Amino acid sequence: MTDAAAPPAAVTAGDLTALLGAELHTETVAHAVRTTGVPREFAERQVTECLRYLYLVSRHHDRLGGLFLPVEQEIDEIWHYLILQTREYRALCEERLPGRFFIEHRSIAYEDYQREPGREQVLEEALRWIPLYCAAFGPFDEGALPHWTIVRFLHRRLEMSLAEISALRSAAA
């Protein structure tokens, strides 16, 4: 008998790799290592965080679609690489991710984005990701800091612990 109140199991890095497929995952990690010069382990985490981003956009398109990417440029570059693998990327989006729709990319400079909605809205939108991320993947850990801009800002600039950050609730909830 299962406990009806038990939270759903977290989506693991292995689950995300399986969604992408072992071959494309290996190619994407190799691309990240080649283009950025980071160690393989770090590139693997970059790919995982990119897949987490795509998973969240797919699952919560109504809440996250069209928002500014709260991740580092390298994660966006990995997304660009995946998009260029057109057949595999379409299958990932439309057949494997939970939303089952093609996730489009639209580039906009941070400065332009910040001017349009205003700082308060930018902050609210960035914070919208945190509870959704934690619900899907578990609490943030040290390995996520280099990849999620808003989490790193809260941790380093506002001196919030990762536990405090992971406990944040959405203002929209």
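Every value quoted in this text rests on a predicted model; they were computed, and no experiment measured them.
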(message) Give me the atom names and distance for the closest heavy-atom approach of E164 to S161.
(response) OE1-N, 2.7 Å
(request) Quick one: closest heavy-atom pair of L168 and P131, and the distance? (result) O-CB, 3.7 Å
(message) Is there a path of hydrophobic side-chain contacts, each under 4.5 Å between heavy atoms of I/L/V/M/F/W/Y residues, joining V33 to Y81?
(response) no
(request) Answer yes when R52 and D15 have at least one side-chain N-carboxylate O distance shorter than 4.0 Å, and no when they do not. (result) no
(message) When you measure from the side chain of Y89 to the backbone of F102, do you find a donor-acceptor pair of N or O atoms at a distance under 3.5 Å?
(response) no
(request) Give the intermediate values and the outcome of side-chain contact (heavy atoms from CB on, under 4.5 Å) for residues W129 and I150. (result) CA-CA 9 Å; W129 291 86; I150 186 67; 5.6 Å; no
(request) Apply side-chain contact (heavy atoms from CB on, under 4.5 Å) to T48 and L51, showing your working. (result) CA-CA 5 Å; T48 296; L51 292 170; 5.7 Å; no
(request) Check E88 against R96 and note the closest heavy-atom contact, atom names and distance. (result) O-NH1, 4.2 Å
(message) Could you check whether E124 pairs with R128 (Lys NZ or Arg NE/NH1/NH2 to Asp/Glu carboxylate O, under 4.0 Å)?
(response) yes
(message) Using 0.5 Å steps for rounding, measure from the CD atom of E49 to the CD atom of Q46.
(response) 9.5 Å
(request) Identify whether the distance between the nearest side-chain nitrogen and carboxylate oxygen of E95 and R90 falls below 4.0 Å. (result) no
(request) Supply the atom-to-atom distance L132 CG to H60 NE2, rounded to the nearest 0.5 angstrom. (result) 4.5 Å
(message) Measuring from atom CG of L158 to atom CZ of F153, what distance do you get when rounded to the nearest 0.5 angstrom?
(response) 4.5 Å
(message) The test is ring-ring contact (aromatic ring centres under 6.0 Å, His included); show your working for Y53 and Y133 and say whether it passes.
(response) CA-CA 8 Å; Y53 167 80; Y133 180 104; over 10 Å; no
(message) On a heavy-atom basis, which atom in L54 and which in I103 lie closest, and how many Å separate them?
(response) O-CD1, 3.5 Å
(request) Report yes or no: does H155 contribute a side-chain atom to a donor-acceptor pair with the main-chain N or O of M160 at less than 3.5 Å? (result) yes
(request) Please examine the side chains of R40 and E44, heavy atoms only from C-beta on, and report whether any two atoms are closer than 4.5 Å. (result) yes
(message) Less than 4.5 Å apart, side chain to side chain, heavy atoms only: is that true for L19 and L16?
(response) yes
(request) Applying side-chain contact (heavy atoms from CB on, under 4.5 Å) between I78 and each of I83, V47, T36, report the one that passes. (result) V47
(message) Between E77 and T35, is there a side-chain donor-acceptor contact under 3.5 Å, judged purely by atom types and distance?
(response) no
(request) Report the distance from atom SG of C50 to atom CD of E72, rounding to the nearest 0.5 Å. (result) 13.0 Å
(message) When you compare the side chain of F101 with that of C93, does any pair of heavy atoms fall below 4.5 Å?
(response) no
(message) As an exercise, state the distance from CG of L82 to OG1 of T28, rounded to the nearest 0.5 Å.
(response) 4.5 Å
(message) Does Q73 have more than 12 heavy atoms from other residues, nucleotides or ligands lying within 6.0 Å of its CD?
(response) yes
(message) Keeping R152 on the side-chain end and L145 on the backbone end, is there a donor-acceptor pair under 3.5 Å?
(response) yes
(message) For a quick test of reading the model, state the closest non-hydrogen atom pair linking R100 to S58 and the distance between them.
(response) N-OG, 3.8 Å
(request) For the residue pair T12 and F137, establish whether any side-chain heavy-atom pair is separated by less than 4.5 Å. (result) no
(request) Look only at the side chain of E94 and the backbone of A91, and say whether a donor-acceptor pair between them is shorter than 3.5 Å. (result) no
(message) Keeping D76 on the side-chain end and W79 on the backbone end, is there a donor-acceptor pair under 3.5 Å?
(response) no
(message) Keeping S166 on the side-chain end and F140 on the backbone end, is there a donor-acceptor pair under 3.5 Å?
(response) yes
(message) Looking at every non-hydrogen atom in both residues, tell me the closest pair between A144 and R45 and how far apart they are.
(response) N-NH2, 3.3 Å
(request) Measure the CG-NE2 distance between L20 and H25 for me, rounded to the nearest 0.5 Å. (result) 6.5 Å
